[in-house]
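Proteins come first, then strands; the chains are lettered A, B, ... in the order of their sequence lines, and each starts at number 1.
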Amino acid sequence: MLIRTLHETKCFAKMKSGFEECEMTIEQRLSAWMAAAFARAGVTEAAHGSIGVRRSQNEAFGDYQCEAALKVARALGQPPRVLAAAVQAQGTPPGCEPLAVAGPGFLNLRLSTAGLEEALEAQAADERLGTPPAGAGRTVVLDYSSPNVAKPMHIGHIRSTVIGNALDRLFRFLGYRVIADNHVGDWGTQFGLLILGYRQFLEPAALQADPIAELERLYRLSYERSRAEPEWLAAARAELVKLQAGDADNLALWRQFVAWSRAEFQRVYERLDVHFDLERGESYYNDKLPGVLERLAAAGVLEASEGAQIVRLEAEQLGVCIVRKSDGGYNYATTDLATVLNRIDEFNPTEIVYVTDERQQLHFNQIFAVARRLGVATTLRHVWFGLMRLPEGTFSTREGNVIKLERLLDEAESRALALVQAGSPELPAETQAAIARAVGLGAVKYADLSQNPQSLVTFTWEKALALEGNSAPYLQYAHARIRAVQDKYRERFPHEDPARFPLCVREPAERRLALRLLQFPDALLAAAAQTRPNLIADALYDLAQTYSSFYQTLPFLKAPAGIRESRLRLCDLTARVLKQGLNLLGIAAPDRI
RNA sequence: GCGCCCGUAGUUCAAUGGAUAGAGCGUCAGCCUCCGGAGCUGAAAAUAUGGGUUCGAAUCCCGUCGGGCGUACCA
């Protein structure tokens, strides 16, 4: 598991004595207290399972709630409210008001004003905004994006890239050592067709203008012909065999294809602000494939069937996994196994995480099962996401209904630019363009990251480019507005420093904001544990909404001295959380938009 | 056929088995003498369907209907 269980986290926090306050989130601290209180009342986690608190959905029920009394009452033969009352009698958690027993047996917790203020001061003083180093000492290899050579990156690629990159940033922030690897599809049967197509149909002018578009066209032509002419297909296979045997001409051509593609990918990654530690394509593992077969044979799991070499996985309901084709060639299962083994040897990771679409579930389940047969103990996880499709159906290179990723980004930027020009005509054009890039790109990324990765998404321009409501620009706007307030404060009170004043949380709007701020670290832990960046997006949107309401309700600059500074500090902390959260999603938060 | 996933307001999405199912867009009604209206406040509006488990189900189990994906040599 990426994130330890709550119990383990508690132990971890205790080991680092002296830092307890910073090593645990509010929710973890209250959960630990609650588990101890239940233990004193005779109910242990060992006997009854994990006991903790969760944030309340409804503020009428306090800030946090515990429903453990309801869950274990039956096993104890006690009415839940009696048990809850017994826990209530154990005392009051630090920083809280006395426990309340409510409804059928809920225990409701409300942070005291002093407790809230103290926790907020600690968060404000912490560069990491109160986030525990949950990944310290752990290594994760993160495999994402992985486009195919000779094909343009289209909007179907954005999910793996953007979701994977958000997880990448999140894990790093949590203290993991992350090895982000772009497992580019640069080897395989498509190259036979491509080489043949290149020799037959190439238009040099088109190649010069846009190499990838031309390669894609060549591939499509060659593919179509292969379906009609068996001889063409056979010729393509022959070119592939030559390539794999190291034929100099074919190898040179292949290298050129890869180079063109990589240049194009790189251009997109730069725009997306996505960076990898490794970009090992499938070809990297080419010479390691025979070794995989040897290991499988040595483990006694290899079997011949219909001319192919397979591993039977019927026991796991996973069918059979072909590791060597009947023509002697290796396939992607072999490559992925070699990749697993290589990553373990080289990086000794705690776990390896793959971010791909849902269609590869069976494939990875097979790979993981075979790896276990080879004695691999490393945690292997497939984080899959739903396909992206168009209203009229699935993308298909052959049908030519793909939308290039770069076109989407261009469109996003130009729409954002129009807004910036209208809203901030006084800014220099260069600044406007930079803001438009941040806003447009943010909108595109956020559209993907703000929903559950596993849901199937239907692409629409309207949704992908939303600039208001639950969108990145809304968050960026909230952030920029805070920076403007701070500027104005410095202008009017040049000799004051808000940091010298305590935070006070008195008004309901302040209290709500304070709670949202303190819940940010828990959202990060949940997002990592569930590998769902949308939990970060949800928390940020909730925070920004709460902030906007706070902003409308209470005066800052016109508030009495002291209150004024406290509110400025709340603004500052909100801006920091928004900026950090957006950064984890790969979205910039400019000071002006 | 078998396997995986999904059906939530008009629409696009939320909701770690918990209390009154939340948002965006759209619709309707309000809010700029004040710190940025890309904003705020309010209203109408939803768990496909039938059973079951549970103190409690959108969530877990079974059936039905509807949709997506996969299912031996593409990756």
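- Not less than 6.0 angstrom separates the ring centroid of Tyr219(A) from the ring centroid of Phe191(A).
- Both geometric conditions, a ring-centre gap below 5.5 Å and a plane tilt below 30°, are not fulfilled together for Tyr474(A) over the base of rA38(B).
- On a pure distance criterion of 3.5 Å, a polar donor-acceptor pair joins the side chain of Ser326(A) and the base of rC73(B).
- Remark: C1' of rG70(B) and CD of Gln366(A) are 11 Å apart, rounded to the nearest angstrom.
- Tyr551(A) carries Arg481(A) over the face of its six-membered ring, with the cationic atom under 6.0 Å from the centre and within 45° of the normal.
- Both geometric conditions, a ring-centre gap below 5.5 Å and a plane tilt below 30°, are fulfilled for Phe106(A) over the base of rA19(B).
- Mapping Lys558(A) and Arg532(A) onto RNA chain B by nearest heavy atom places Arg532(A) closer to the 5' end of the strand.
- Taking the ring axis of Tyr64(A) as reference, the NZ or CZ atom of Arg110(A) does not stay both within 45° of it and closer than 6.0 Å to the ring centre.
- To the nearest whole angstrom, the two P atoms, one in rC13(B) and one in rU53(B), are 34 Å apart.
- For rA21(B) and rU16(B), the P atoms lie 16 Å apart once the distance is rounded to whole Å.
- As a whole-Å value, the separation of Leu582(A) CG from rA38(B) C1' is 14 Å.
- Rounding to whole angstrom units, CD of residue Glu27(A) and P of rU16(B) are separated by 12 Å.
- Residue whose closest nucleotide on RNA chain B sits further toward the 5' end, between Asn534(A) and Leu554(A): Asn534(A).
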